[in-house]
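Here the structure comes first, spelled out in structure tokens, and everything after it is commentary.
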Protein chains: 2
Amino acid sequence: MNSKKPSRQDARERILDVSEELFANASFASVSVRNVTTRADVNLSAVNYYFGSKQGLFQAVYVRRATLMNHERLQLLHEADERAQAAGCDVSLRELISAMLTPPIFWLCDQEKGYSVYIRFLARAYLEEASDMSNVLRQEVDVFDRFVPYFKKIKSGLSEEDIYWHIHFMMGVMHHTINHLHRISLLSHKACAVESGEQLRDRLVNFCCDGF
Amino acid sequence: MNSKKPSRQDARERILDVSEELFANASFASVSVRNVTTRADVNLSAVNYYFGSKQGLFQAVYVRRATLMNHERLQLLHEADERAQAAGCDVSLRELISAMLTPPIFWLCDQEKGYSVYIRFLARAYLEEASDMSNVLRQEVDVFDRFVPYFKKIKSGLSEEDIYWHIHFMMGVMHHTINHLHRISLLSHKACAVESGEQLRDRLVNFCCDGF
DNA sequence: TAGCGTTCTAAACGTATGTTTTAAACGTTG
DNA sequence: CAACGTTTAAAACATACGTTTAGAACGCTA
């Protein structure tokens with residue numbers, strides 16, 4: 001019976017899903033509210049009803065999954081820390097880097113859920129100066145600060161400054177991989193194809209480990 | 001006499017300068033033609049007069065300096081090659097990577113000319129799927145193809161696929177550094193500041209050399 | 001100076017945008 | 001059923017957009 005008209009509350013969810021995808025593929029300004037509402041099959045004014053404004057929608061898309069991803073990072077860090085303590089040694093560089101990169105890369109390669117789209121959305125949100133995303137960065141900064149002591153411990157030869165630079169570079173590799181994953185085949189004249197999440201993660205982690 | 005009204009042809013140049021800067025800081029769609037013409041102090045229709053359309057303007061901004069930058073890269077490669085031949089050895093990995101990264105990084109840190117702005121524009125152009133920038137990439141691909149044989153020779157243990165992935169990652173580090181240079185101070189709680197072009201280049205080259 | 005192509009100006013065009021408004025439909029609670 | 005708060009609907013709002021047009025101003029050459 002109620003198969004045609006979807007139930008109430010998931011209109012909001014559908015808007016988030018659709019706009020997550022649109023914002024992942026194009027800039028904030030070039031995605032119109034009408035574009036979103038048409039594809040989400042809701043009324044034009046639904047965006048302003050649920051999110052107050054287009055800006056509000058953008059932030060809502062971000063918030064919906066950001067906390068979860070950073071939680072996954074900290075969880076991996078925590079597990080690595082426990083393993084290290086049990087073995088009586090330090091957390092390895094590889095584990096640290098892997099903890100930072102695995103969640104976004106795995107999400108990126110996740111076929112089932114909408115996580116893949118979100119990761120591309122995130123990488124693009126970094127570029128949207130206009131849509132006040134300072135809080136986007138703040139949350140990530142907090143997470144990274146939890147990692148820094150570990151880096152310091154096992155890379156005592158590096159200054160704190162060096163460590164921040166390296167984290168900065170790592171994020172660069174990751175974001176670029178995310179944003180331009182489809183271009184690797186063009187760059188390589190189709191020699192390279194997009195691989196599994198594990199392979200891609202390992203490639204990235206190797207590259208960044210050696211860079212440190 | 002003619003100090004007040006600028007001479008003829010530099011209206012076109014002023015439009016390019018202004019839009020280069022605006023496109024470097026915001027997305028294609030969020031920069032309006034009126035925005036450009038107002039800041040360039042020219043009539044609204046000047047953009048369409050000189051460049052046909054807003055798209056045409058965007059491409060013109062790209063073309064103006066792209067060839068020069070890629071020429072600089074190839075020039076550095078050529079010089080390194082000559083040095084190597086004179087010494088009877090191979091071009092070092094460091095020199096190869098340096099040849100790829102030095103031009104954009106030096107331009108980025110160049111204070112005098114408008115090159116700094118252009119580099120940020122370039123990094124953003126990569127993201128503009130909408131504004132058909134396939135030719136942007138094509139030219140870079142051609143340049144990289146000139147580098148690949150050198151990489152192959154000195155890193156015979158790597159497959160061609162590996163090399164393309166590494167180039168891909170290098171571009172990621174570079175573009176992210178370019179796009180988010182100002183954020184390193186936020187990330188590091190102001191421990192890191194933007195340094196000189198040489199220092200920044202060396203940091204990047206070191207990171208990428210080790211990653212290879 | 002007269003003519004002519006180039007450059008600049010002002011105004012208007014049609015369309016698309018984000019948002020607001022007014023009211024209808026809905027679903028739960030009394 | 002009646003009343004209420006929530007959600008959806010259609011229409012209109014004012015504004016901003018890229019582009020076009022028609023003509024004036026300019027600078028050069030004959």
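Quick note on labels: first sequence line is chain A, next is B, and so on, each numbered from 1.
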Between the protein and nucleotides 23-25 of chain C, which nitrogen or oxygen pairs come in under 3.5 angstrom?
none

Exercise for the section: Check whether the side chains of B:Asp162 and B:Ser159 place a donor and an acceptor atom closer than 3.5 Å, and report yes or no. Expected result: yes
Exercise for the section: Establish, with yes or no, whether the OP1 or OP2 oxygen of C:dT19 is under 4.0 angstrom from a side-chain nitrogen or oxygen of A:Tyr49. Expected result: no
Handout entry: Contacts of type ring-ring contact (aromatic ring centres under 6.0 Å, His included), residue A:Tyr118, not counting sequence neighbours
Key = A:Phe121
Problem - N or O in side chain of A:Tyr50 less than 4.0 angstrom from D:dT6 OP1/OP2 - result: no
Handout entry: With A:Phe106 via ring-ring contact (aromatic ring centres under 6.0 Å, His included) - residues at least two apart
Key = none
Exercise for the section: Kindly write out the residues that satisfy ring-ring contact (aromatic ring centres under 6.0 Å, His included) with A:Phe147, not counting sequence neighbours, or none if the list is empty. Expected result: none
Handout entry: Cationic N near anionic O, under 4.0 Å, A:Arg65 to A:Glu72
Key = no
Fill in the blank from the handout: CE (B:Met69) and CD1 (B:Ile119) are apart, to the nearest 0.5 Å, by 5.0 Å
Practice task
Return the value, rounded to whole Å, for the distance between atom CG of A:Asp10 and atom C1' of D:dT6.
Solution key: 15 Å
Distances under 3.5 Å only, N/O to N/O: pair up the protein atoms with those of nucleotides 11-18 of chain D.
from   : atom 1 : to      : atom 2 : distance (Å)
D:dC17 : OP1    : B:Ser32 : OG     : 3.3
D:dG18 : OP1    : B:Val33 : N      : 3.4
D:dG18 : OP1    : B:Lys54 : NZ     : 2.8
D:dG18 : OP2    : B:Val33 : N      : 2.7
D:dG18 : N7     : B:Arg34 : NH1    : 2.6
D:dG18 : O6     : B:Arg34 : NH2    : 2.8

Practice task
Check the side chains of B:Arg73 and B:Asn70 for a donor-acceptor pair under 3.5 angstrom, ignoring hydrogens and angles.
Solution key: yes
Exercise for the section: Using atom CD of B:Glu13 as one end and atom P of C:dC8 as the other, report the distance to the nearest whole Å. Expected result: 13 Å
Exercise for the section: Specify the separation, in whole Å, of atom CZ of A:Phe58 and atom P of C:dT17. Expected result: 18 Å
Fill in the blank from the handout: With sequence neighbours left out, the residues meeting salt bridge (charged side-chain N to carboxylate O under 4.0 Å, His left out) with B:Lys152 are B:Glu160
